[in-house]
There are 2 protein chains.
Amino acid sequence: MSKPRSRRGGGRPTLADVARKAGVGAITVSRALREPGRVSEDLRRQIQAAVDELGYVPDPNARALASARAEVFGVLVPSLTNNVFAEVVRGIYDSLSDSPFRIQIGNTHYSGLEEERLLQVFGSQRPAALIVAGIDQTPGARRLLENAGCPVVQVMETGPDPVDMMVGFSHFDGGRTAAGHLLQAGYRKIGFIGARMDPRSQRRLAGYRAAMEAAGLFDPRLITTTPVPSSVTLGRELFRDALAKMPTLDGVFCNNDDIALGVLFECHRASIDVPKQIGIVGFNDLDMMQVSFPSITSVRTHRYEIGTRAVALALAAIAGNPPEQRIVDLGFELMRRESTAR
Amino acid sequence: MSKPRSRRGGGRPTLADVARKAGVGAITVSRALREPGRVSEDLRRQIQAAVDELGYVPDPNARALASARAEVFGVLVPSLTNNVFAEVVRGIYDSLSDSPFRIQIGNTHYSGLEEERLLQVFGSQRPAALIVAGIDQTPGARRLLENAGCPVVQVMETGPDPVDMMVGFSHFDGGRTAAGHLLQAGYRKIGFIGARMDPRSQRRLAGYRAAMEAAGLFDPRLITTTPVPSSVTLGRELFRDALAKMPTLDGVFCNNDDIALGVLFECHRASIDVPKQIGIVGFNDLDMMQVSFPSITSVRTHRYEIGTRAVALALAAIAGNPPEQRIVDLGFELMRRESTAR
DNA sequence: TTGTATGCGTTATCAA
DNA sequence: TTGATAACGCATACAA
């Protein structure tokens, strides 16, 4: 003759059930779970026992509705399979695994419009924080971020005008450093090979160009790019194009490591000696760069750490301690290897 | 002298606001948004106008609370950076991008306990569907899946006893096919090199072993494995170990393509001719397998499609049309290339 | 086809 | 330190 359960509901224990069993008010249970310090030792223990016995798990939806804030980190990246973003996301996950925060990822497919749409969707949940890749949001997306009412971290790049906070590095400097290294190693006809050409790639290209111009060696015919998504296969093809266009090429700065690997394989196939005839530099420094034969010089970026730092900044802001330094530049590191050692 | 807004709330327009503006009941607005067919043409237009004017966006939390079902797909994978799972996840995202469903990914780090914990967390949201990688759930995890009260799809593998539905292929057959191909190509001392050695790797190994035993060529010393996460670097090291242990090795079936690439690079470095001295077969067929020099034979798996099919199954079940065939075997395809063509 | 009353499980407010 | 009460924004059940 137990009192009839409410007609809806999945029969899962609720806060009220726990409260009844522990002989306290519902709100006290709620507090015991969220701010244990504000509940007396005794009650806390009774409540914990009741929670364990009933197997109570808070309903995040009810919690979000009542508190007008969901314990969710919204994360927007342009690609799920690009290792670069996957590493950032992994850093975010690892940093949040012991927190109550859930993570919601959105795939923008490198589209500003899609980013805007997802921001709209994410915003409707009143997330605890928003982490977005890049600094080139559309005006609409930027407005949504500014009005999100939560900490916002732009990642992957640094720039002059953060919505709120930023963690990344200068892609322009990265590109300039890569080209500068090839120059220093004695290469002269240094090409730029790039796929996808998103804003970050464009800035790396700009850095390359700056270095080449400073050396008085810039030539637009040295540049070979395509908006097509990057792949090892594409790297090979673009390199062939570049060589056809400019047979005297003696070095290439590749937009990323996939392209660089494609170039290396084509050199093998065409019996082009690396680094004697052609020097190769990649970008990001994936694991395989150090193992390939010859090993490939690359610009190491700190993707995983970008994720962890972004979370740290957001968490601090949520806790009411917004960081002094709103822009965190994690830099990069040139890894010199056999592919440019002639 | 507008009536005082409720004391909480973020000031965002609600269903009631839209209803007032459109001059209808709140429930009618709710219906117009979810089941437009059940609302008269006229009202629908008025309501749409009010929605647009107010910029109303439904609150998913309130919706979930009221309907006891969140429009969320829970997805559990063992790794975020492993391209194999990233592709599956991408397929899931693309299939759900035009639906109201959100996606929540959990990273189990190849841990059954972590999987169980995440299932607990995910379950508390009453998700619309659950997609989990693998078929080796712990008893606890399995119970949680069975009691989730929503469609469940196990992906990556097929097996005899689905919790609900399955999409994948036989890793045992994949391993046997790979080894069989090397055998057929005339290789005899065929090694198995594997890292991570999760349940799927184990089954590929079992398939390899079956093929070798059938040929009367099995020798435990041919096997070189490690629980360490896979990488190209590791592939190189394991291959060296394998060679040291068994100098007469003339072929290797690699657990995955990263390992295979590491093996290839080591062959280059040690001037071992591929495919003459050593035949190489990888697994998954990443893009780079077809570009490398020599190109590498690999077992192509349909990761992206696994994701899309899993969503299709779940969506059908949600719509009340559970599929006849609860187990979908997408198979695999052996891609013969230069690395085994002697 | 449309509306009314009520409940979903939790937290904010305010009082004790 | 604890509790009663009233939201939070929406959907279900049922009636009209």
Side-chain angles (χ1 to χ4, degrees), chain A residues 3-20 22-47 51 54-71 100 123-126 128 149, chain B residues 3-20 22-47 51 54-71 100 123-126 128 149:
Chain A
K3 85 166 65 149
R5 281 208 75 79
S6 58
R7 58 188 156 145
R8 288 195 263 161
R12 286 191 348 187
T14 72
L15 208 52
D17 295 330
V18 176
R20 209 170 304 130
V24 301
I27 189 64
T28 305
V29 176
S30 175
R31 270 200 284 262
L33 263 31
R34 289 173 302 140
E35 314 169 86
R38 291 186 46 186
V39 172
S40 69
E41 180 73 29
D42 279 7
L43 285 191
R44 206 164 34 187
R45 243 198 306 274
Q46 287 178 45
I47 290 170
V51 165
L54 261 35
Y56 168 75
V57 181
D59 182 330
N61 298 120
R63 184 171 271 186
L65 181 58
S67 65
R69 266 289 152 228
E71 291 180 311
S124 72
Q125 296 179 68
R126 306 164 179 280
Chain B
K3 84 166 67 147
R5 277 208 76 79
S6 58
R7 58 192 153 140
R8 287 197 260 164
R12 285 191 347 189
T14 72
L15 207 53
D17 294 331
V18 176
R20 209 170 304 129
V24 301
I27 189 61
T28 305
V29 176
S30 174
R31 270 200 283 262
L33 263 32
R34 288 174 303 139
E35 314 170 85
R38 292 187 44 186
V39 172
S40 69
E41 180 73 29
D42 278 7
L43 284 191
R44 207 165 33 187
R45 242 198 307 273
Q46 288 178 44
I47 290 171
V51 164
L54 260 35
Y56 168 75
V57 181
D59 181 330
N61 298 119
R63 184 172 272 187
L65 183 58
S67 64
R69 265 291 152 226
E71 290 180 312
S124 72
Q125 295 179 69
R126 306 164 179 279

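Every chain is numbered from 1, with letters handed out A, B, ... down the list of sequences.
Between A:Arg38 atom CZ and D:dG3 atom P there is a gap of 13 Å when expressed in whole angstrom units. A straight line from CG of B:Asp17 to P of D:dC10 spans 9 Å, rounded to a whole angstrom. The distance between atom CG of A:Asp59 and atom C1' of C:dT11, rounded to the nearest whole Å, is 13 Å. The distance between atom CZ of B:Arg45 and atom C1' of C:dT1, rounded to the nearest whole Å, is 16 Å. Look at CZ on A:Arg63: it is 10 Å from P on C:dA12, rounded to the nearest Å. Between the CD atom of B:Glu35 and the P atom of D:dT12 there is a distance of 8 Å, rounded to whole Å. Separating the CG atom of A:Leu65 from the C1' atom of C:dC8 is a distance of 9 Å, rounded to the nearest angstrom. Counting to the nearest Å, the C1' atom of D:dT12 and the CZ atom of B:Arg34 are 9 Å from each other.
Between A:Ala19 and A:Val29, the shortest heavy-atom distance links the atoms CA-CG2, 3.7 Å. Minimum interatomic distance between A:Thr14 and A:Tyr56 (heavy atoms only, all atoms of both residues): C-CE1, 3.6 Å.
Between the side chains of B:Arg63 and B:Ser67, no donor-acceptor pair of N or O atoms lies under 3.5 Å.
With D:dC10, C:dT2, C:dA12 as the candidates, the nucleotide lying closest to the side chain of A:Ile27 is C:dA12.
Contact annotation for B:Arg31: base contact, defined as any heavy-atom pair under 4.0 Å involving a base atom. Base engagement by A:Leu15 is indicated by at least one non-hydrogen atom pair under 4.0 Å involving a base atom.
Comparing B:Gly37 and A:Tyr56 along DNA chain C, the residue whose closest nucleotide (by nearest heavy atom) sits nearer the 5' end is B:Gly37.
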